[in-house]
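See below for the structure under consideration.
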Amino acid sequence: MQKKLLEKFQEVYGGEGDIRSYFAPGRVNLIGEHTDYNGGHVFPCALTIGTYGLARKREDNKLRFYSMNFSKLGVIESSLEDLVPSEKAGWTNYPKGVMWAFEKRGYKLTSGMDFMIYGNIPNGSGLSSSASLEVLTGTMLRDLFGIEELTMQDLALIGQYSENNFNGMNCGIMDQFASAMGKKDCAIFLDTNTLHYEYAPVKLPDAKIVITNSKVKHSLVSSAYNDRRNESETALKDLQKVIDVKTLGDLTEEQFEAHKDAIQDPICRKRAKHAVYENQRTIKAVQALKDNKVEEFGKLMNASHVSLRDDYEVSCEEIDILVDLAWKIPGVIGSRITGGGFGGCTVSIVKNDAVDNFIEIIGKQYKEKVGHEAEFYVVDIGDGARKLS
Ligand code: GLA
């Protein structure tokens, strides 16, 4: 990939000077969904697919962007004086947002850049292509401008800040954190309240992680996401009138049950229920994995799906079809929606000898029920963002 990207870079921008290359992965979350902005735990891992980038500093303040995924758009020009979001800037709003966030943090970017990317995360699949592009941009800026004091965790936070404040999506920290901090063959058990984290080896000698792409993305995803976030916050405010908690992640199931009537609105009550139970499920699931109780882990994944479907209401018909089909297949240890929801992907843990059957049966029945094909990726867990040599 790097070779093709370099050839294209030379063709589009010319081959002279110090051209550097970087990679930042996408992620899949195993369990702990919609808990990251509720002070709870998440358990994502970085993938081996993601976004590749090449960059070179310029003598002037111009920014030139080119994506091999959108080659029809050609070179998109901007400048360091123009770091403001705009509809017509399209995908370049993500790298521009990160440049803006660097400057907000006091890191003056002293020259423009030529930037070229290629991503192999399927578009709109909910596997965090935008977070990977943000973390890629951060990794690139840190290196190009020699800003050594910034840690990978800082780059995750800067990515989230730009997504929240430049791109208007009020996301939590999970996606950027996974892309920046991922580790091969491990999932990251992250407490989003403190940013304390631990790498948990995902040893599945008899099973594989299979992602199934529904190939649907329902509209208004980011406004529905922001609504969920507001509903959770309303629930928390009501609870704070009767119990001393900072986030929903501070509550056990028992505490929630004892105080839930303080939440006035029944919808907000359901949202909070999900956030509390999902956080506790995530803690239990990580323990189960450590104890090699993979079946137990799978059951918690299934329960996570039910809660996201019924209480948090972020699933959709196509995703429920995929999960229902998966649950019926022998050798499926667990299956659930992954990521923000309203379409996108499911994640399943499937016994090695059941994977072919899984893909064949779900592939056929999904097509019959929905009218278009699903896509399957048997994935490996990779490392976080980095400079490539
Ligand atoms: C999106 C957001 C994350 C997280 C998930 C749901 O991926 O970017 O911060 O909230 O949804 O778990």
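Atoms within a ligand are numbered from 1 in the order they appear, just like the ligands themselves. Quantities reported herein were computed from a predicted structural model and do not represent experimental measurements. Heavy-atom basis, side chains included; hydrogens, waters and symmetry copies ignored.
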Quick one: list whatever passes side-chain hydrogen bond (donor to acceptor under 3.5 Å, both in side chains) with Ser179, sequence neighbours left out.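 Scan of Ser179 (side-chain hydrogen bond (donor to acceptor under 3.5 Å, both in side chains), adjacent residues dropped) gives none.
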Whether [Y] and [X] form a salt bridge (side-chain N of Lys/Arg under 4.0 Å from carboxylate O of Asp/Glu) is what I want to check.
X      : Y      : value
Glu77  : Arg58  : no
Glu295 : Lys299 : no
Lys351 : Asp206 : no
Arg228 : Glu313 : no
Glu7   : Lys3   : yes

Protein residues having a heavy atom less than 4.0 Å from any atom of ligand 1: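 Correct list: Arg27, Glu33, His34, Asp36, Tyr37, Cys171, Gly172, Met174, Asp175, Tyr225, Gly339, Gly340.
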